Amino acid sequence: MGLFRSIVLLLHFLLIFSSPFANAEQVTIPSQPLAVIDQTNTLTAAEIQQLSDQILTFEKAKGSQMSVLIVPNTGEETIEQYSMRVVEKWKLGRKGVDDGVLLLVAKDQRELRIEVGYGLEGSLTDALANRIINEVIVPKFKAEEFAQGIQSGVTQMIQVIDGEPLPDTTKVGLMIEAQPYWVKIAVLAMILSKTLGTLLKRITKQPKLAAIITGIAAFSGYIVFWGWHIIPAIVTALICGVLTMVTRGNGSTSRHGSSRSSSRSSSSRSGGGGGFGGGGSSGRW
Amino acid sequence: MAKLPHILLITAALFLSGCSYNDLQRYDEQISASWSEVLNQYQRRADLVPNLVKTVQAFADHEKEVFTQVTEARSKVGSIQLTPDMTNDPQALANFQAAQSQLSGALSRLLVVSENYPQLKSDGAFRDLQAQLEGTENRITVARNRYIKAVQEYNITVRSFPSNLTAKMFDFEVKPNFSVENESTIKQAPQVNFGS
């Protein structure tokens with residue numbers, strides 16, 4: 001009782017000191033990096049669906065993640081600042097490959113930007129992005145043909161990226177790296193509690209001790225695999241410890257963590273962990 | 001006696017997260033990495049200058065003063081010694097910043113001048129160079145912001161309790177940061193005057 005209470009108190013203590021300070025005056029970023037997000041009702045549902053299909057098909061085939069985001073304005077930030085915040089939050093593109101692209105349109109301020117991930121800067125150069133904006137998209141935007149403008153821009157970008165050799169889409173290791181925290185916690189906790197936990201329970205015949213040791217192993221394991229993230233590591237340790245205490249040591253080995261398929265419905269999508277460095281181009285119409 | 005393992009566990013956990021020795025190391029490394037990136041992007045900009053000058057000169061040869069300014073600013077930037085200790089020396093950092101913002105000013109004047117030459121403005125090669133320059137300026141801004149954040153993270157750890165104790169023990173000192181005043185002048189768009 002005393003031990004668990006202390007740990008809970010400690011967790012609270014740590015959480016308080018790690019809470020980020022949000023700047024309340026910035027335009028909020030949509031929570032999910034869907035293929036197409038239109039906050040201005042410019043595109044019809046059919047147009048959104050068509051664009052989304054095109055983008056997601058390309059992602060499945062090539063791996064590169066593209067997103068189109070249409071906002072009314074970028075608030076007190078420049079379009080470059082807002083764009084950077086979006087891609088840093090969404091992390092479009094695969095981790096290590098950094099093949100993400102964002103097409104951002106700030107409709108009321110008549111500005112747009114193509115934000116290019118590190119890995120695509122070689123093919124979708126700043127100059128090329130600028131040309132796509134000024135020669136393909138802006139003329140259509142000037143004629144108020146927004147759907148066609150975005151469509152042509154996306155098609156052009158896909159063509160350019162398609163020409164670039166990128167790693168193929170079936171790397172399982174990349175998939176696990178890119179999963180959100182809770183997947184990593186669940187997988188590690190379950191595997192360790194089933195294997196190490198049951199073994200220790202059988203050897204020591206003391207569930208609590210086995211739980212503590214397995215918890216510490218889970219904690220260190222998390223840090224070794226995924227870096228110094230103390231709080232997820234502690235959570236993993238706790239879950240692992242609890243699972244070790246609770247599961248019967250009869251050696252049943254039902255597999256839980258099946259590999260996640262990369263095709264998701266368009267109502268949920270997560271960024272692959274790709275990085276951006278500020279490359280790309282902006283334009284206005 | 002049953003309390004002892006509890007106490008040990010909590011002390012261990014507190015020590016691990018509270019002493020922050022590893023955090024300090026990690027933040028220090030992050031500073032080096034982000035500093036390299038800043039230097040990289042500034043270098044990229046400096047590399048664009050000769051081509052830019054040549055392209056503008058093809059259309060606006062008699063604007064000699066602007067070309068001299070840009071070329072001089074670029075060689076000044078190139079002549080700064082990039083020592084690994086730069087991130088710890090506030091004077092070296094300030095000098096570096098000053099030289100870079102001189103180049104920024106000269107470049108912005110060059111672009112303003114080019115606004116007066118419609119043939120230059122519509123030249124494809126010039127447009128591409130302009131796009132590259134804007135892209136590089138944006139990359140510089142991003143790299144600087146990441147460097148500033150890295151230094152802030154490090155400085156906060158060095159100054160907060162209880163990690164400041166660890167910092168003192170292992171000689172981790174507060175590091176200088178980019179000053180903000182230059183940011184505001186760089187961000188200002190050049191005034192385009194078609195009258196004069």
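This is a predicted model, so every value here is computed, not measured. Every chain is numbered from 1, with letters handed out A, B, ... down the list of sequences.
- In this structure, CD on B/Gln132 lies 11.0 Å from CG on A/Leu128, to the nearest 0.5 angstrom.
- Scanning both residues, B/Thr136 and A/Asp126, for their nearest heavy atoms gives N-OD2, 4.0 Å.
- To the nearest 0.5 Å, atoms CG (A/Asn130) and CD (B/Glu134) are separated by 6.5 Å.
- Open room surrounds NZ on B/Lys54; 12 or fewer heavy atoms of other groups in view lie less than 6.0 Å from it.
- If you take CD1 on A/Ile79 and CG on B/Asn138, they are separated by 11.0 Å, rounding to the nearest 0.5 Å.
- Considering all non-hydrogen atoms of both residues, B/Ala131 and A/Ala127 come closest at CB-CA, 3.8 Å.
- One distance of note links OG1 of B/Thr141 with CD of A/Gln81; it measures 8.5 Å at 0.5 Å rounding.
- Of all the heavy atoms in A/Tyr118 and B/Arg146, the pair that sits closest is OH-NH1, 3.1 Å.
- Heavy-atom neighbours of B/Glu29 CD from other residues, nucleotides or ligands within 6.0 Å: at or below the threshold of 12.
- Salt bridge annotation for A/Glu121-B/Arg139: present, with a cationic side-chain nitrogen under 4.0 angstrom from a carboxylate oxygen.
- B/Glu37 touches chain A through its side chain: at least one heavy atom from C-beta onward sits under 4.5 Å away, while N, CA, C and O do not.
- Contact count versus chain B (heavy atoms, under 4.5 Å) is highest, among A/Gly280, A/Ser282, A/Ser281, A/Gly278, for A/Gly278.
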